[in-house]
Amino acid sequence: MDRREAALLQAVDRLNEEMIDFAARLVAEPSTLGNEASVLQVMEQQMRDLGYPPRRVGVDPVALAGHPGFAPVPWDYQGRYNLAAVRPADGAGGKSALFNGHLDVVSEQPIEGWRRDPYCPEIEQGWLYGRGAGDMKAGVAAIVYALAAVDRAGLGLAAPVTLEVVIEEECSGNGALACLAAGYDAEAVLIPEPFGPTILTSQVGVCWFKVQVKGVPKHALDTGGGVNAIEKCYPLIAALRELERSLNAEPHPAFPGISHPFNFNLGVLKGGDWPSTVPAFAEFHGRLGFPPGLSYEDIRALVERALDQTAQHDPWLAAHRPSLEFYGFRSQGHQVPMELEALRLLGRCHQDLSGSPAAEFHSTATTDLRAFVHYGRGQATCFGPLAENIHASNERVNLQSVLHTARTYALFLSRWCGLVD
Ligand SMILES: [Zn+2]
């Protein structure tokens with residue numbers, strides 16, 4: 001590590017308190033789907049204050065409709081946007097980088113499970129608590145301050161760096177895709193998802209869908225005279241479990257050591273409106289993970305076939321076909337080699353700072369990485385802080401690991417983009 005790198009790391013350390021304070025301010029703004037306005041305001045102001053005035057990048061479903069990565073959704077994009085800023089190069093000869101993070105969070109419910117208000121961030125024994133603290137507002141703070149440290153240290157970079165924060169990572173990926181389609185891309189793309197100091201080389205594909213089933217209402221004194229729509233969902237759900245089993249039947253080379261990477265989650269189930277009435281309507285929503293190499297069209301066809309064959313064996317369902325709608329995630333999986341130059345360099349930066357090599361990580365969830373891997377031009381991976389209870393009660397992120405993420409990313413900038421005085 002040379003003198004300039006040491007100065008850069010000192011700048012990160014001096015900014016640590018400010019970085020954690022900023023992460024907490026992001027956590028204090030609830031930002032579930034459709035409610036991102038206030039967190040975006042905080043973010044926009046912060047980027048301006050640090051000298052990276054961002055552009056608002058909207059999501060235009062009409063313009064993106066023909067893009068293979070676009071996920072049609074039933075909600076609209078009025079007044080909702082992503083933020084992107086490019087810090088221009090101070091010299092030439094380096095390689096460009098892009099930091100991406102998402103500001104949307106999943107619901108804090110059930111609130112009873114929390115020991116504190118999920119939107120009143122609190123620090124206790126080196127952990128920051130709150131919804132989104134780990135996934136992934138602390139990571140967003142880390143990328144902002146890794147870049148800010150370059151300027152605070154009075155240094156420059158020999159290549160441009162893009163700072164991008166997006167919406168809808170948790171449901172469609174349309175935020176990151178819109179930024180990519182607007183031209184924001186780089187030779188290395190880094191996302192501080194809270195999987196710890198590891199290098200992500202593979203992730204599963206994910207699709208979402210909704211199934212609606214009709215029944216016949218009847219007073220409960222004669223249940224046999226009606227058709228129970230909720231109970232008609234059971235065999236359909238069982239068929240999807242069977243599809244899940246077949247996807248996991250053989251170990252997959254992109255997920256070594258993981259016996260069941262492709263999960264079906266029955267996430268929503270509703271129907272009926274009265275205990276003494278046979279329910280005439282039911283619906284369920286599912287999320288299915290699938291292997292890299294299988295296209296979205298392939299998995300969609302498998303889901304359609306599983307439900308279709310099941311319906312054929314039930315006289316009611318055969319005559320009253322369940323409706324199947326795909327919305328939200330239509331994300332293909334991917335795998336990249338650990339030997340990619342950017343991934344190797346990131347691993348070396350981690351090792352120089354921590355003394356130990358970075359482990360390879362295989363994700364059984366999807367992230368916005370896929371947009372960059374499938375449709376971008378760069379080498380992309382996730383490396384981030386250590387968090388616990390993401391998508392659950394009492395979410396928290398380890399503050400030491402947030403600082404380590406920022407230090408590693410700052411060092412990466414110096415070696416990938418190149419420092420100039
Ligand atoms: Zn996330």
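Both ligands and their constituent atoms are indexed starting at 1 by order of listing.
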Audit row: Leu403, Leu399, side chain to side chain contact (heavy atoms under 4.5 Å, CB included) steps and yes/no: CA-CA 6 Å; Leu403 177 60; Leu399 294 181; over 6 Å; no

Would Leu243 and Phe264 count as a side chain to side chain contact (heavy atoms under 4.5 Å, CB included) here? Give the steps. CA-CA 9 Å; Leu243 173 57; Phe264 168 59; over 6 Å; no

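Rounding to 10°, one obtains 100° for the angle at the Zn ion (ligand 1) between OD1 (Asp135) and NE2 (His102).
The Zn ion (ligand 1) has an N, O or S atom of Glu193 under 2.8 Å away, backbone or side chain. Distance check for Glu170 against the Zn ion (ligand 1): none of its N/O/S atoms falls below 2.8 Å.
A distance of 14.0 Å separates CD in Glu244 from CZ in Phe290, rounded to the nearest 0.5 Å.
Using a cutoff of 4.0 Å between basic side-chain nitrogens and carboxylate oxygens, Arg348 and Asp352 are not scored as salt-bridged.
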